[in-house]
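Heads up, the thing below is written out as structure tokens.
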Amino acid sequence: MKKHLLLFIAFIGFFTILLSGCGTTGEEDSSENTDATSSEDKEVLEMATSADFAPFESRNEAGDIEGFDIDLANYIADELGYELKITDMKFDGLIGALQNERVDMVLSGMSTTEERKQNVDFSKEYHHSGEMFVTLKDSDITSVDDIEGKTVGVQLGTIQQTGAEKLQEDMDFEIKAVDNGPTLIQELISNRIDVAYMDKSVAKGYIEEQDLAGFDDPTSSSPGMGIAFPKGSELVDDVNEVLAQAEENGKLQELKDKWLSEE
Ligand code: ARG
């Protein structure tokens, strides 16, 4: 009898664990519909982003995802007659989500590198930014030469990670790759890294907000940002047309004025 009771408890325990695993979909922590005028009969356009990259995509105080990429995605969806659905995930998982066709497109400040082009298709570029090294205000690191012997933080899966690895071929320093943007700045402020290597448009926001310092990366020649699609996606041409039109009618400039400070 006692044995049966034990078995029963083990059985219940097993199912509790199984059930608690349901309802979460891995790294994707939310889906939301940002299109206020959505109607039932519109086809859904599934977009993914990594909402840790202000001013391109981040969560506001209400927890909603906002930014340049989000406005641009909404504009594109509107123009093409889709209802936009946004999924937030780690930057490192975005290419995989496109490859598995779990989403239709990615707007995430993603640079159109040759390496990525082997796995996804890109729209034409909609912005070009550059890189910066961000430090604490009183830091003795004021140029790339000073990173020798230091710890450089980057976001996992970004071109800044690849860029830092390339720099490492000629210099001796450590790289610490973290999952998300705000964590990187947290690491810097709490002295767990000496310098953060990141996108310039994003860095400038942190430098101002958190009273940090920084300098441009003289080595950087990174490509601009594009919208990414699964390879062979028919959306590429349509979206390129909308982008060309947005360039012509001033919409793109309007969004740049709204979200990005001058370079
Ligand atoms: N432009 C860089 C890259 O493509 C960083 C993009 C990071 N984007 C983000 N949403 N965290 O690798």
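Counting starts at 1 for both ligands and their atoms, in listed order. When reading the values below, keep in mind they use all heavy atoms of this one structure, side chains included, and skip hydrogens, waters and symmetry mates.
- Looking only at distances, a side-chain donor or acceptor of S139 sits under 3.5 Å from a matching main-chain atom of I141.
- The residues R192 and E187 are annotated as salt-bridged, a charged nitrogen and a carboxylate oxygen being separated by less than 4.0 angstrom.
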Are there any N/O pairs under 3.5 Å between ligand 1 and the protein, and if so, what are their distances?
from: ligand 1; atom 1: 1 (N); to: G109; atom 2: O; distance (Å): 2.8
from: ligand 1; atom 1: 1 (N); to: S111; atom 2: OG; distance (Å): 2.8
from: ligand 1; atom 1: 4 (O); to: S111; atom 2: N; distance (Å): 2.8
from: ligand 1; atom 1: 4 (O); to: S111; atom 2: OG; distance (Å): 3.2
from: ligand 1; atom 1: 4 (O); to: R116; atom 2: NH1; distance (Å): 2.8
from: ligand 1; atom 1: 8 (N); to: S108; atom 2: O; distance (Å): 2.9
from: ligand 1; atom 1: 10 (N); to: S50; atom 2: O; distance (Å): 3.0
from: ligand 1; atom 1: 10 (N); to: E57; atom 2: OE2; distance (Å): 3.1
from: ligand 1; atom 1: 10 (N); to: S108; atom 2: O; distance (Å): 3.3
from: ligand 1; atom 1: 10 (N); to: S108; atom 2: OG; distance (Å): 2.9
from: ligand 1; atom 1: 11 (N); to: D52; atom 2: OD1; distance (Å): 2.8
from: ligand 1; atom 1: 11 (N); to: Q155; atom 2: OE1; distance (Å): 3.0
from: ligand 1; atom 1: 12 (O); to: R116; atom 2: NH1; distance (Å): 3.4
from: ligand 1; atom 1: 12 (O); to: R116; atom 2: NH2; distance (Å): 2.8
from: ligand 1; atom 1: 12 (O); to: I159; atom 2: N; distance (Å): 2.7

Throw together a table of side-chain donor-acceptor distances under 3.5 angstrom for residues 146-158, partners on residues two or more places apart or in other chains.
from: D146; atom 1: OD2; to: T142; atom 2: N; distance (Å): 2.8
from: D146; atom 1: OD2; to: T142; atom 2: OG1; distance (Å): 3.3
from: D146; atom 1: OD2; to: S143; atom 2: N; distance (Å): 3.1
from: E148; atom 1: OE2; to: D172; atom 2: N; distance (Å): 3.1
from: Q155; atom 1: NE2; to: D52; atom 2: OD2; distance (Å): 2.7
from: Q155; atom 1: NE2; to: D179; atom 2: O; distance (Å): 3.0
from: T158; atom 1: OG1; to: Q155; atom 2: O; distance (Å): 2.6
from: T158; atom 1: OG1; to: Q160; atom 2: N; distance (Å): 3.4
from: T158; atom 1: OG1; to: Q160; atom 2: OE1; distance (Å): 3.4
from: T158; atom 1: OG1; to: Q161; atom 2: N; distance (Å): 3.3

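- At least one donor-acceptor pair closer than 3.5 Å links the side chain of S129 to the backbone N or O of S201.
- Remark: the backbone N or O of K251 is paired with a side-chain donor or acceptor of N249 at under 3.5 angstrom.
- In the model, S58 has no side-chain atom that pairs as donor or acceptor with a side-chain atom of E66 under 3.5 Å.
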